[in-house]
Amino acid sequence: MKITLKSTSLFVIELAFMIWWAILQFLGNVDKEGCILLLILSAVAVFQNQYHGISYANIRQNILGGITSLLFAGTSIYMFTGTAMECMGNEQIPLLQMADTYSFSGILMKLSFIMGAYLVFWNLLLLGYDKIPQLARMEKKQNCSSQKIFWVVFILTALVYFLYLILCMYPGMVQYDSFIQIDQMVSGHYRNHFPVWITLFMGIFIHFGIAVFGNMSAGIFCFSCFEILASSFMSGYMLMTMAEGSFRYKKVWMVLTEAWFLGCPIHWMFASYTVKDPLFFYCMVIFVISMYRLVRGYQTKFFFDQFILVLSGCGFALFRNNGGLVILITTILFVLIYRKKYPKVLICLGLIVAVQVILEGPVYRAIQVEDGEYSEAFSIPLQQVARVVYDDGTLTKDQKEMIAVLMPLDRIKGEYRTDISDPIKGFIQFQHTEDVIKANPSGYLKLWIHVGFQNPRLYVYAWMDQTYGYWHMGNTCNIKRIVGQENAYQVSNKSLSETLFAQSGNYITSWGSSKWFSIFHDLGLVTWITIYAFIYLWMRKRKEAMLPLASLLYLGTLLVASPLANDIRYTYGSVILIPFFIYMMFDHQKDFMTSSLSEEGSIDKILT
């Protein structure tokens with residue numbers, strides 16, 4: 001290691017910018033421990049990068065890394081906006097208030113903050129680009145019986161989840177949305193507010209429980225049992241795939257991953273949660289894992305992975321309205337990127353799209369499915385217009401009259417919330433004023449566009465406040481279990497031990513309030529880890545690089561139609577995939593592992 005005045009000066013300058021970024025992040029964010037960890041990693045990265053001269057192999061990779069780092073820096077600015085400061089309790093911090101001004105000192109503070117954020121992500125990319133292949137390199141062959149791994153993980157996970165369900169939460173966790181779907185199952189009248197196919201699938205277990213045991217609680221319990229089995233299969237499938245990889249420390253990573261599945265109460269709750277979300281996300285995770293296995297060429301009997309890919313892909317496409325769009329875009333990108341290289345995968349994706357088109361087209365019409373609320377797709381536009389009304393933005397008389405037809409202006413001022421669209425959207429739905437939008441869609445589209453041109457700052461603020469949890473690090477979501485939801489079916493949660501119920505509740509609460517546990521449900525951090533994995537795999541020209549893109553595409557749908565600003569219920573699948581994406585970065589090709597990396601130790605020489 002050669003130490004020079006230039007390298008030392010650059011190290012000090014970069015470190016100073018990053019420390020400044022960390023100070024403001026520490027002041028402004030809930031997840032302060034995550035900021036400390038990032039600063040430590042970044043300091044190690046900049047030290048390594050300056051004194052060892054790490055660089056990307058070509059200019060295209062530099063541009064890609066630079067753009068991503070700049071995007072990361074840009075998202076950090078959100079904490080300086082007025083609403084964000086109020087929501088995070090930072091309105092009393094003078095340093096942040098100064099940075100939010102347009103004075104010379106405020107602008108200088110913002111620019112230095114952006115530079116610090118840029119350098120943090122840039123140096124982490126450089127460090128990963130250089131060190132991950134070295135850590136991934138295998139010294140000797142490791143023997144792992146993947147089938148045994150699958151069954152051990154499946155049984156252990158199912159046992160823990162069943163114990164929680166039976167001892168603490170029989171018949172399973174239910175909430176308001178659960179009973180709307182149950183009403184449709186009982187009445188046989190289906191509306192596409194919730195995807196019909198997940199409602200019909202849930203109905204199989206609900207009706208079975210009622211027929212055999214004579215009550216709704218038994219039906220909910222049957223569906224909870226199926227969810228636990230699906231979750232356990234997903235965990236076993238993931239760790240089985242890890243066992244077949246080539247990562248040097250895969251056994252350690254597998255143990256940590258399974259410990260996370262068993263110890264994190266978020267997984268317990270979702271595995272017995274009677275709503276559309278858990279099963280959809282299990283399908284999403286299994287879809288990504290099965291694609292990875294097929295792209296990497298893992299061998300299974302009787303076309304097992306192909307069958308799992310089609311089955312999980314159909315669930316991914318049909319069990320949530322935005323899942324079908326993600327499947328369609330993923331299929332198109334797969335064809336454009338890989339063309340005919342993986343015919344088995346292309347056939348599977350084609351089958352999934354065909355099933356989706358048939359079931360959501362002719363079959364929907366045959367069973368007379370009623371359309372869902374028109375306004376569900378316009379959560380963010382409605383919030384943006386409401387924000388202009390709430391903040392007394394610029395509106396013409398005609399614009400006010402068009403808005404008032406949907407909802408009285410004074411009612412908007414009283415009901416509007418920055419981080420949830422339900423008060424505005426719910427009023428429009430329950431009062432049936434959304435029919436006005438249906439009757440004049442072009443007129444209201446023009447209204448939204450014109451009001452946006454008149455109030456661009458408020459539109460941007462409204463969008464950020466409605467989506468910040470999914471891209472801004474440092475915000476933890478609320479972790480709690482739902483009990484005692486009133487309903488017409490006399491369903492209530494029962495526990496075999498009040499002490500155990502209370503202790504499990506305290507444990508769940510600790511995950512929601514603990515400083516260190518909060519890292520595991522920082523949804524913004526989840527997004528940026530996924531982006532990091534995608535950028536790293538793409539720069540390394542890895543053939544499985546597009547798999548994190550499926551998760552990012554799903555997260556992207558939240559940025560245009562999110563009903564809540566920061567809720568793990570909408571991103572649970574991306575949370576589950578984080579251990580697998582990290583594993584993917586370390587699971588290099590075997591021929592790459594035996595290349596000149598082991599002989600020369602230089603990353604650049606391999607790609608040049």
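No experiment lies behind these values; they were computed from the predicted model shown.
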Drop me the distance from [X]'s [atom1] to [Y]'s [atom2], to the nearest 0.5 angstrom.
X      : Y      : atom1 : atom2 : answer
Ser312 : Met284 : OG    : CE    : 11.5 Å
Leu279 : Arg320 : CG    : CZ    : 12.5 Å
Leu577 : Met584 : CG    : CE    : 9.0 Å
Leu382 : Gln466 : CG    : CD    : 10.0 Å
Ile582 : Met242 : CD1   : CE    : 9.0 Å
His472 : Phe72  : NE2   : CZ    : 9.0 Å

For a quick test of reading the model, state the closest non-hydrogen atom pair linking [X] to [Y] and the distance between them.
X      : Y      : answer
Ala561 : Ile380 : N-CD1, 3.8 Å
Phe270 : Arg569 : CZ-CA, 3.7 Å
Leu523 : Gly469 : CB-O, 3.3 Å
Tyr470 : Asp567 : OH-N, 3.3 Å
Ile578 : Val526 : CD1-O, 3.5 Å
Ala565 : Asp465 : CB-O, 3.2 Å

Would you say [X]'s side chain and [Y]'s backbone share a donor-acceptor pair under 3.5 angstrom?
X      : Y      : result
Lys250 : Ala243 : yes
Trp528 : Trp471 : yes
Trp463 : Leu559 : yes
Lys344 : Leu294 : no
Asp522 : Leu525 : yes
Asn455 : Thr394 : yes
Tyr532 : Leu124 : yes

Steps toward side-chain contact (heavy atoms from CB on, under 4.5 Å) verdict (Thr241, Met238): CA-CA 5 Å; Thr241 302; Met238 180 184 292; 5.9 Å; no
Parallel, tilted or perpendicular: which describes the rings of [X] and [Y], with under 30° parallel and over 60° perpendicular?
X      : Y      : answer
Tyr338 : Tyr342 : perpendicular
Tyr390 : Tyr416 : tilted
Trp122 : Tyr118 : parallel
Phe281 : Tyr572 : perpendicular

Within a strict 4.5 Å, meaning less than it, do heavy atoms of the [X] and [Y] side chains meet?
X      : Y      : result
Pro579 : Trp260 : yes
Phe334 : Met291 : yes
Phe261 : Ser235 : yes
Val353 : Ile327 : yes
Ile352 : Phe316 : no
Cys283 : Met234 : no
Pro563 : Ile420 : no
Thr330 : Leu553 : yes

Ring centroid separation [X] to [Y] under 6.0 Å:
X      : Y      : answer
Phe580 : Tyr292 : yes
Phe586 : Trp253 : no
Phe280 : Tyr554 : yes

Donor-acceptor pair between Ser551 and Ser574 side chains, under 3.5 angstrom: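 Ser551 vs Ser574: donor-acceptor pair found between side chains.
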Pair Gln384, Trp448: side-chain N/O donor-acceptor within cut-off below 3.5 Å: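 A pair is found: one side chain offers a donor N or O, the other an acceptor, under 3.5 Å apart.
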SB check Arg293 Glu244 (cutoff 4.0 Å):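 Yes, this pair counts.
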SB check Asp587 Arg296 (cutoff 4.0 Å):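 Salt bridge: yes.
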Audit row: Tyr570, Leu555, side-chain contact (heavy atoms from CB on, under 4.5 Å) steps and yes/no: CA-CA 9 Å; Tyr570 296 101; Leu555 289 168; over 6 Å; no
Ser421/Phe378 under side-chain contact (heavy atoms from CB on, under 4.5 Å): CA gap, chis, key distance, verdict: CA-CA 9 Å; Ser421 63; Phe378 306 114; over 6 Å; no
Check against side-chain contact (heavy atoms from CB on, under 4.5 Å), Leu239 and Tyr583: CA-CA 10 Å; Leu239 269 74; Tyr583 174 81; over 6 Å; no
Pair Tyr282-Asp277, side chain to side chain donor-acceptor pair (under 3.5 Å): steps then yes or no: CA-CA 9 Å; Tyr282 298 153; Asp277 307 291; over 6 Å; no
